[in-house]
Amino acid sequence: MRQSTLFGRTLRDAPADAQTPGHKLMLRAAIARPLAAGIYTWLPIGFRVAKKVEQIIREEMNGIGAQEMELPVITPAEYWKETGRWDTLEPVAFRIKDHSGHDFMVSYTHEELVMHHGRSELLSYRQLPVAVYHFQSKGRDEARPRAGLLRVREFVMKDGYSFDADLAGLDKTYWAHHGAYARAFARMGLDALSVESDTGNMGGDVAHEFQVLTDVGEDRIVLCPGCRYSANMEKAVRRAAAGAASTAPAMEPVSTPGASSIEDLVRTLGIEAGGLLKTMLIRAAGGEVVAVVLPGDRELNEAKLRKLVGGGELAFANEADFAKVRGIAGFVGPVGLGARIVVDVSVAERGYVAGANRKDTHTRNVVPGRDFAGERADVHDVKPGDECPSCGKPLEIRRGVEVGNIFKFGPYYADKMGATFLAEDGTRKPFMFASYGIGVSRAVQTIIETNFDDAGIVWPAAVAPFDVHVVAMPVKDAEVRTAAETLVADLEGRGVEVLYDDRDESAGVKFADADLIGCPLRVTVSKRNVGAGKVEVRRRKSGEVLMLDAAAAAAELALLAKPS
RNA sequence: CGGGGUGUAGCUCAGCCUGGUAGAGCGCCCGCUUUGGGUGCGGGAGGACCGCCGGUUCGAAUCCGGCCGCCCCGACCA
């Protein structure tokens with residue numbers, strides 16, 4: 001590829017609204033360009049990287065016997081209505097109507113469509129297990145796209161789906177995908193950690209996310225430095241110490257004028273936040289008001305609570321809700337409250353200060369179990385330093401980018417869609433289903449976010465847009481140009497992918513662009529060395545420089561570029 | 001959807017407070033120069049109806065109102 005004709009120019013300055021290092025470099029290096037908020041065009045350099053990422057995924061998926069196919073982008077509403085997702089995806093799905101008014105969704109994902117095909121193609125247990133996958137555009141009208149390609153509204157996802165006859169088979173298929181994912185991410189240069197994740201409100205029991213730890217990530221990941229435990233914050237748990245039984249005296253009111261927050265109470269009563277009970281009134285999807293009781297130093301984990309109350313959206317209670325359960329804003333407590341009460345497992349059997357459900361008043365010596373009842377549940381966020389649930393060491397919290405996820409749905413979709421096969425025992429059984437996703441563009445930018453230096457991108461060799469960047473200078477010099485073009489032709493003849501900088505630019509411009517674009521090997525064919533029959537090779541990552549004889553350079557570079 | 005910010009040339013920005021008809025640097029084109037780190041000199045083109053609509057005013061990039069786009073935080077995100 002001649003750089004003089006390359007579509008897409010590098011930028012000396014990143015646009016002001018680019019925030020993360022990867023976002024800036026992605027734009028500066030002409031990887032992709034925005035077309036609208038969260039909607040991007042791949043430029044040729046970025047497209048090459050995306051295709052390499054895809055190919056790695058393809059090879060690993062094929063390696064576990066999954067079959068590539070392709071489903072459409074435009075999908076009829078009827079299948080989505082079978083599972084109810086036509087309605088539940090309402091806020092985030094792009095929809096269109098055809099000329100006669102029929103409803104379609106721009107594919108948000110493809111579970112329903114694959115299950116539909118499965119129920120008509122797969123009739124017998126003899127055809128199972130089977131796994132399929134495709135690379136296809138997804139449309140998601142995210143309320144807030146962010147950070148370039150990290151969160152976009154339209155993107156290509158590799159999504160895979162598996163059908164098994166029973167749970168044991170599903171388990172085996174699931175872990176085969178887990179292995180393929182781990183290998184794929186490693187090959188593309190991503191240090192992806194498998195973490196336990198929430199299964200969301202679409203059923204299923206087990207799910208893992210592959211997270212790349214980086215400060216630019218939007219997910220919070222709980223990690224144990226002592227063992228293998230790792231989980232998304234939505235799912236993470238801790239080992240809670242058993243408290244001693246309470247010896248607190250009877251409850252008594254305490255006047256707390258104007259002290260309606262944990263901070264106020266800590267200040268005015270002079271006690272630790274952990275000695276307070278925080279009672280939050282939450283309105284569940286069905287309108288039910290739930291009072292969640294947490295120690296004053298713990299935060300509510302919405303994902304856990306959502307799961308407990310049956311999914312759907314959670315909101316803070318409104319005025320009418322407060323009135324209904326006889327709660328007073330700022331002074332809500334669990335004693336005498338007319339609501340379903342969920343007591344977090346962090347709450348001990350001891351005396352606390354809690355709201356009295358009376359203005360400007362709290363109650364001392366409130367003991368859970370003795371003074372109020374409630375169902376026990378884990379609905380709190382893990383904090384740094386909490387004990388690991390499996391080994392007890394202090395946990396850490398890091399940020400991560402979710403580059404892939406795998407979900408075990410079990411019979412959920414098959415049941416919703418009446419998808420069954422004839423089992424060995426002659427009965428009809430639902431397919432045991434799972435799905436597996438990787439966002440290609442997110443993976444590309446995450447590679448950049450974790451592989452760069454002050455000068456630009458440092459591509460892992462397996463996904464670099466080109467293996468070798470040949471820089472000729474001055475390109476006006478016939479001898480130099482001839483030497484460079486001979487080398488380029490020789491390299492290409494050996495299957496090496498070459499970006500050839502044939503532009504009449506100064507050395508500084510060319511080197512700066514080469515660093516920015518970040519191919520693993522840079523070869524300089526210059527006036528200085530061509531007379532001596534030498535070319536200079538520089539490794540992008542290490543900066544290591546070696547001089548090669550021009551005559552043998554192509555053969556040696558081919559080995560450096562594709563060691564086998 | 002809530003909060004905050006922002007919108008002037010391809011990019012980075014100044015001008016706005018205090019109204020008078022729009023600028024700089026980089027980039028782009030040509031020539032020479034230079035050719036191992038965004039080179040130098042000279043010439044040149046073009047380029048923003050100052051996001052849009054309305055209002056105030058003799059006059060609006062500038063003041064006022066509304067809307068839109070984009071960015072950030074939050075909510076949301078099988």
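The shown structure was predicted, so the numbers you read here are calculated from the model rather than taken from an experiment. The sequence lines fix the lettering, A, B, ..., with proteins before strands; numbering per chain opens at 1.
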Inset, instruction - Using whole Å, report how far CG of L11(A) lies from C1' of rC26(B). - result: 12 Å

Inset, instruction - Look at the side chain of Y108(A) and decide which nucleotide, out of rA78(B), rG37(B), rC11(B), has an atom nearest to it. - result: rA78(B)

Inset, instruction - Looking at every strand, decide which applies to A37(A) at a 4.0 Å heavy-atom threshold: base, sugar-phosphate, or nothing. - result: sugar-phosphate

Inset, instruction - Write down the distance between CG (L89(A)) and P (rC76(B)), rounded to a whole number of angstrom. - result: 16 Å

Legend entry - Sugar-phosphate, base or nothing in reach of Q19(A), heavy atoms under 4.0 Å: sugar-phosphate

Legend entry - Gap between atoms CZ and P, on R28(A) and rC26(B) respectively (whole Å): 17 Å

Inset, instruction - Kindly point out which of rU12(B), rG37(B), rG36(B) is positioned nearest to the side chain of T524(A)? - result: rG36(B)

Inset, instruction - Check the distance between rU34(B)'s P and E505(A)'s CD and give it to me in whole angstrom. - result: 17 Å

Legend entry - Side-chain-base donor-acceptor pair under 3.5 Å for R9(A) and rG38(B): no

Inset, instruction - Count the heavy atoms of every other residue, nucleotide or ligand shown that sit under 6.0 Å from CD1 of I74(A), and state whether that count exceeds 12. - result: no

Inset, instruction - For rC70(B) and rG65(B), measure between their P atoms and round to the nearest Å. - result: 23 Å

Inset, instruction - May I ask you to evaluate whether R144(A) reaches the phosphate of rC73(B), defined as a side-chain N or O under 4.0 Å from OP1 or OP2? - result: yes

Inset, instruction - Under 4.0 Å between any heavy atoms, over every strand shown, what does R33(A) touch: base, sugar-phosphate, or nothing? Just pick one. - result: nothing

Inset, instruction - For rG27(B) versus rA48(B), give the span between their C1' atoms, rounded off to a whole number of Å. - result: 15 Å

Legend entry - Whole-angstrom distance between rA22(B) and rU62(B), as gauged at atom C1': 11 Å

Legend entry - Nearest-neighbour nucleotide for the K476(A) side chain, rA78(B), rU35(B), rC11(B) considered: rU35(B)

Inset, instruction - For ring-ring contact (aromatic ring centres under 6.0 Å, His included), just list the numbers for H116(A) and W80(A), CA-CA rounded to whole Å, side-chain angles, deciding distance to a tenth of an Å, and then say yes or no. - result: CA-CA 10 Å; H116(A) 165 69; W80(A) 297 100; over 10 Å; no

Legend entry - Of A147(A) and M157(A), the one whose closest RNA chain B nucleotide lies more 5': A147(A)

Inset, instruction - Looking only at side-chain atoms of T109(A), point me to the closest of rG36(B), rG38(B), rA78(B). - result: rA78(B)

Legend entry - Counter-base of rG27(B), judged by Watson-Crick or G-U geometry with both distances under 3.5 Å: none

Legend entry - Nucleotide opposite rG69(B) in a Watson-Crick or G-U pair, distances under 3.5 Å: rU6(B)

Inset, instruction - Answer yes if the ring centres of F431(A) and F433(A) are under 6.0 angstrom apart, and no otherwise. - result: no

Inset, instruction - Quote, to the nearest angstrom, the C1' distance that separates rU56(B) from rA75(B). - result: 39 Å

Legend entry - base_contact_polar (rG36(B) base, N529(A) side chain, donor-acceptor, <3.5 Å): yes

Inset, instruction - Answer yes when R85(A) and E112(A) have at least one side-chain N-carboxylate O distance shorter than 4.0 Å, and no when they do not. - result: yes

Inset, instruction - Write down the distance between CZ (R503(A)) and P (rU35(B)), rounded to a whole number of angstrom. - result: 19 Å

Legend entry - CD (E68(A)) with more than 12 external heavy atoms under 6.0 Å: yes

Inset, instruction - Rounded to whole angstrom, note down the C1' distance from rC64(B) over to rG19(B). - result: 13 Å

Legend entry - Pairing of E536(A) and R528(A) as salt bridge, 4.0 angstrom limit: no

Legend entry - Proximity to the side chain of F407(A) - top-ranked nucleotide from rA78(B), rG37(B), rU12(B): rA78(B)

Inset, instruction - Check whether the side chain of S526(A) and the base of rG36(B) form a donor-acceptor pair under 3.5 Å. - result: yes

Legend entry - Rounded distance (Å) that lies between atom P of rC76(B) and atom CD1 of I282(A): 10 Å

Legend entry - Nucleotide of rC72(B), rU12(B), rG36(B) approaching R146(A) most closely (side-chain heavy atoms): rC72(B)

Legend entry - Length of the line joining L43(A):CG and rG10(B):P, which is rounded to integer Å: 18 Å

Inset, instruction - Using the P atoms only, state how far rG69(B) lies from rC58(B), rounded to an integer number of Å. - result: 35 Å

Legend entry - V509(A) side chain, from C-beta outward: closest of rG38(B), rC72(B), rC70(B): rG38(B)

Inset, instruction - Give R153(A) one of three labels, base, sugar-phosphate or nothing, depending on what nucleic acid heavy atoms sit under 4.0 Å from its own. - result: nothing

Inset, instruction - Report yes if the side chains of E449(A) and P21(A) come closer than 4.5 Å at any heavy-atom pair, otherwise no. - result: yes

Legend entry - Any donor-acceptor pair under 3.5 Å from D549(A) side chain to A551(A) backbone: no

Inset, instruction - Whole angstrom is fine here: how far is it from CG in D513(A) over to C1' in rU39(B)? - result: 15 Å

Legend entry - P-based separation of rC26(B) from rU39(B) [nearest Å]: 10 Å

Inset, instruction - Would you mind classifying the nucleic acid contact of N405(A) as base, sugar-phosphate or nothing, using non-hydrogen atoms under 4.0 angstrom? - result: base

Inset, instruction - Determine the contact category for A18(A): base if any of its heavy atoms lies under 4.0 Å from a base atom, sugar-phosphate if only primed atoms, P, OP1 or OP2 are that close, otherwise nothing. - result: nothing

Inset, instruction - Hey, which sits more toward the 5' end of RNA chain B by its nearest nucleotide, M547(A) or G148(A)? - result: M547(A)

Legend entry - Whole-angstrom distance between rU21(B) and rC68(B), as gauged at atom C1': 26 Å

Inset, instruction - Consider the side chain of R140(A), meaning its heavy atoms from C-beta on, and name the nucleotide among rC72(B), rC70(B), rA78(B) that approaches it most closely. - result: rA78(B)

Legend entry - N or O in side chain of R12(A) less than 4.0 angstrom from rG27(B) OP1/OP2: yes

